[in-house]
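Nothing fancy with the numbering, it's 1 onward along the sequence. These numbers come from the heavy atoms of this one structure, side chains and all, not from hydrogens, waters or symmetry mates. The structure presented is a predicted model; accordingly, all values stated were derived computationally and were not measured.
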Amino acid sequence: MDTIECFEVRRDDLRTIRLKRDQLPELEPGQVLLKVDRFGLTANNITYGVVADMVGYWEFFPAEDGWGRLPGWGFAEVAAGDVEGLEPGTRFYGYLPMASHLVVQPVQVSRGGFTDGAAHRADLPGVYNRYRSTSADDRYRPETDDIEVIFAPLFTTSFVLDDYLADNGDFGAARVVLSSASSKTAAGTALCLSRRGGDRPRIVGLTSPSNTDFVAGLGCYDEVVAYDDVASLDPAVASVFVDVAGDAGVRAAVHRHLGDRLTASQMVGMTHWTEMATDEGLPGPAPQLFFAPVQIEKRMADWGPAGYQQRLGAAWDHLLGVVGDWVEIVELDGLAALDQPYHRVLEGDVPPSEAYVVVLDQES
C-alpha cells in the first residue's frame, strides 16, 4: 500500500468529517514510517478537538488549512526507515493521528522507545512526543491492547489528577465532587481517590438520572447524585469540584449551591462540549483548567521517570482488576467504519458501558 488514509474533521465544526487519501511521503534521512495498528475512540478525542486551538493539539499532526487530524492513543509498528534500534515490525504505544500511518523523526532512541524530534513538535508538550516500545515494557500484555488504548491515556489523567489534589492537600476539602461520573476519566479519578485509604475525602459522582445505577455499580463512589439533584449536597461541607463534563449549566449549579464552601474548581474534560459557556459571575473560586502534562513533568522531576512509572503502574494494575466489569469494547474495522461511531461519541450518545477501538487492516 503506497497511500496514507486519514480521518479528518473541520477545525471550526467537529461534525464535518472526511476520509482523505494521499501518497505516502518519501522518507528523509532519519525518518521512520509507523503503520498504525489500533487506537481508541472516546470523549477524550473530542476534548482534544474542542481545546485544540488553545493548547496546540492541531499542530501535532498537521492537515490542510481548515482541517484537523484528531489525536488519539494507540499502537503502531515500524513499517519503513533506517534508524538504528528501530527495526521493521518493532511495536510502540503512543500519541497517534486517526490515520493509517505516521512519519516520525526519532531521537533519544533507547530500548524503551524514542521521542519524535520532528521540528513542528519541538515546542509541544514532551509527554505527547514519547513512544514506548512494547518489547521493553515488562507490564505489557497483548491481551490488554484494547483496554490500554481506551483507558491508558484517560487513566493517566485520572492518576495525576488524584495526585495533584493530594499534592495540594485536597485544597482543604473534605469532599471531591466529580461531574460526568460515568466517564472513564471521572471513574478512574474516583478509583484512585478510593485507593488512598481512610483519610481521603468523600467521593461524590454527579451524573445524568439515566446513568445513576451504572455509576453506583462501579463501586468507586461514596455517593451518586443526579444533575437535577445538586441541591441535595450538604452546602456546609468544604468541597473540590472536578468538572469532567464541561457543562456550564452543571458547573453553575455546583458553584451557586456550594458558594464559598467550594475550595477549588478544576476543569478536566468536556464530555458535554456543546454546553460550554462563560463562567463570569459565578460564586466561589474561578474554574481552572487542569493540564495533566504539567503535573506529570513535576512528578517526573520529583520521583524520577522510574518512580513515576512504578506508581502509575501500581494504580493501573488496580484498574485492570476491575475494568472488565465496567465496559464492553466494540472493535471497528478501519477508518471507514468511523462515521456513525464518531458522531455518537461527539454527541454523547454512547452508553458508558460501551467503548470503541478502531482496528486497521494490517495486511494493507
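Aromatic ring orientation, Tyr95 versus Tyr48: perpendicular (interplanar angle above 60°, classes split at 30° and 60°). Ring geometry, Tyr128 versus Tyr57: the interplanar angle exceeds 60°, so the pair is classed perpendicular (tilted spans 30 to 60°).
The backbone N or O of Pro351 lies less than 3.5 Å from no partner atom in the side chain of Glu354, so there is not a single donor-acceptor pair. Listed for the Asp137 side chain is no donor-acceptor partner under 3.5 Å among the backbone atoms of Arg132. The backbone N or O of Gln105 sits less than 3.5 Å from a side-chain atom of Asp116, completing a donor-acceptor pair. Of the possible polar contacts, none joining the Tyr164 side chain to the Gln295 backbone as a donor-acceptor pair under 3.5 Å is found. Side-chain atoms of Ser135 never come within 3.5 Å of backbone atoms of Ser133 as a donor-acceptor pair (strictly under, hydrogens ignored). Proximity of a side-chain donor or acceptor of Arg261 to a complementary backbone N or O of Ala236 within less than 3.5 Å is detected. Judged by distance alone, the side chain of Thr90 and the main-chain N or O of Val78 form no donor-acceptor pair under 3.5 Å. In terms of modelled atom types and a separation under 3.5 Å, the side chain of Asp222 and the main chain of Ile203 share a donor-acceptor contact. Between the side chain of Thr144 and the main chain of Ile147, no donor-acceptor pair closer than 3.5 Å is present. A donor-acceptor contact shorter than 3.5 Å is absent between the side chain of His318 and the backbone of Ala314.
Using a 4.5 Å heavy-atom cutoff, the side chains of Pro97 and Phe60 are not in contact. Using a 4.5 Å cut-off on side-chain heavy atoms (C-beta onward), Phe241 and Ser179 make contact. Considering only heavy atoms from C-beta on, Trp326 comes within 4.5 Å of Leu191 through its side chain. By the 4.5 Å heavy-atom criterion applied to side chains, Pro125 and Phe291 are counted as neighbours. Between Leu86 and Phe92 there is a side-chain heavy-atom pair separated by less than 4.5 Å. Put simply, the side chain of Tyr93 does not reach to within 4.5 Å of the side chain of Asp145, judged on heavy atoms. A heavy-atom distance below 4.5 Å is found between the side chains of Asp146 and Glu331. At least one side-chain heavy atom of Phe114 sits less than 4.5 Å from a side-chain heavy atom of Val104.
Ion pairing between a basic and an acidic side chain is recognised when a charged N comes within 4.0 Å of a carboxylate O; Arg196 and Asp162 show such pairing. The pair Glu64-Lys20 counts as a salt bridge, with a side-chain nitrogen and a carboxylate oxygen less than 4.0 angstrom apart. Look at Arg299 and Asp167 and you find a salt bridge, because one of the NZ, NE, NH1 or NH2 atoms lies within 4.0 Å of a carboxylate O, short of that distance. Of the charged side-chain nitrogens involved, at least one lies within less than 4.0 Å of a carboxylate oxygen, so that Arg21 and Glu5 count as a salt-bridged pair. Using a 4.0 Å cut-off between charged side-chain N and carboxylate O, Arg202 and Asp234 make no salt bridge.
Heavy-atom neighbours of Asp213 CG from other residues, nucleotides or ligands within 6.0 Å: at or below the threshold of 12. With a 6.0 Å radius and a threshold of 12 heavy atoms from other residues, nucleotides or ligands, Asp349 has its CG atom above the threshold. With a 6.0 Å radius and a threshold of 12 heavy atoms from other residues, nucleotides or ligands, Asp317 has its CG atom above the threshold. More than 12 heavy atoms of other residues, nucleotides or ligands sit less than 6.0 Å from atom CD of Gln23.
A cation-pi contact, defined as under 6.0 Å to the ring centre and within 45° of the axis, links Arg91 to Phe75. A cation-pi arrangement is found for Arg10 relative to Trp67, the charged atom lying closer than 6.0 Å to the ring centre and inside a 45° cone about the ring normal.
Evaluation of the side-chain contact (heavy atoms from CB on, under 4.5 Å) rule for Ser208 yields Ser210, Asn211, Tyr227 as partners, not counting sequence neighbours.
When all heavy atoms of Leu14 and Tyr342 are compared, the pair lying nearest together is O-OH, 2.6 Å. Between Pro153 and Glu148, the shortest heavy-atom contact is CD-O, 3.6 Å. Closest approach of Gly72 to Asn45, counting heavy atoms only: CA-ND2, 3.8 Å. His257 and Leu233 make their closest contact through NE2-O, 2.6 Å (heavy atoms, listed as atom of the first residue, atom of the second, distance). The two residues Tyr356 and Arg344 come nearest to each other via the heavy atoms OH-NH1, 2.7 Å. In plain terms, the two heavy atoms of Val32 and Val83 that are nearest each other are CG2-CG2, 3.5 Å.
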Is there a side chain to side chain contact (heavy atoms under 4.5 Å, CB included) between Leu41 and Met98 once you walk through the steps?
CA-CA 9 Å; Leu41 173 64; Met98 295 168 70; 4.1 Å; yes
Going through the distances and angles, do Arg121 and Phe61 end up as a side chain to side chain contact (heavy atoms under 4.5 Å, CB included)?
CA-CA 9 Å; Arg121 296 176 69 160; Phe61 312 117; 3.6 Å; yes
Might you work through the side chain to side chain contact (heavy atoms under 4.5 Å, CB included) test for Phe159 and Thr156, ending with a clear yes or no?
CA-CA 5 Å; Phe159 171 77; Thr156 298; 5.7 Å; no
Assess whether side chain to side chain contact (heavy atoms under 4.5 Å, CB included) is satisfied between Asn44 and Thr185, documenting all intermediate values.
CA-CA 9 Å; Asn44 191 44; Thr185 300; 5.7 Å; no
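If you chain together hydrophobic residues whose side chains sit under 4.5 Å apart, Trp73 and Leu161 fall into the same group. In this structure, Val350 is a member of the same hydrophobic cluster as Phe7, with clusters built from ILVMFWY side-chain heavy atoms closer than 4.5 Å. Val107 and Met300 are members of different hydrophobic clusters when ILVMFWY side chains are connected at heavy-atom separations under 4.5 Å. Both Val50 and Val9 are members of a single hydrophobic cluster when ILVMFWY side chains are connected at heavy-atom separations under 4.5 Å.
Remark: of the listed residues Val244, Thr157, Val160, Leu178, Leu178 is the sole one forming a side chain to side chain contact (heavy atoms under 4.5 Å, CB included) with Thr189. His101 pairs with exactly one of Leu96, Leu33, Val36 by the side chain to side chain contact (heavy atoms under 4.5 Å, CB included) rule, that one being Leu33.
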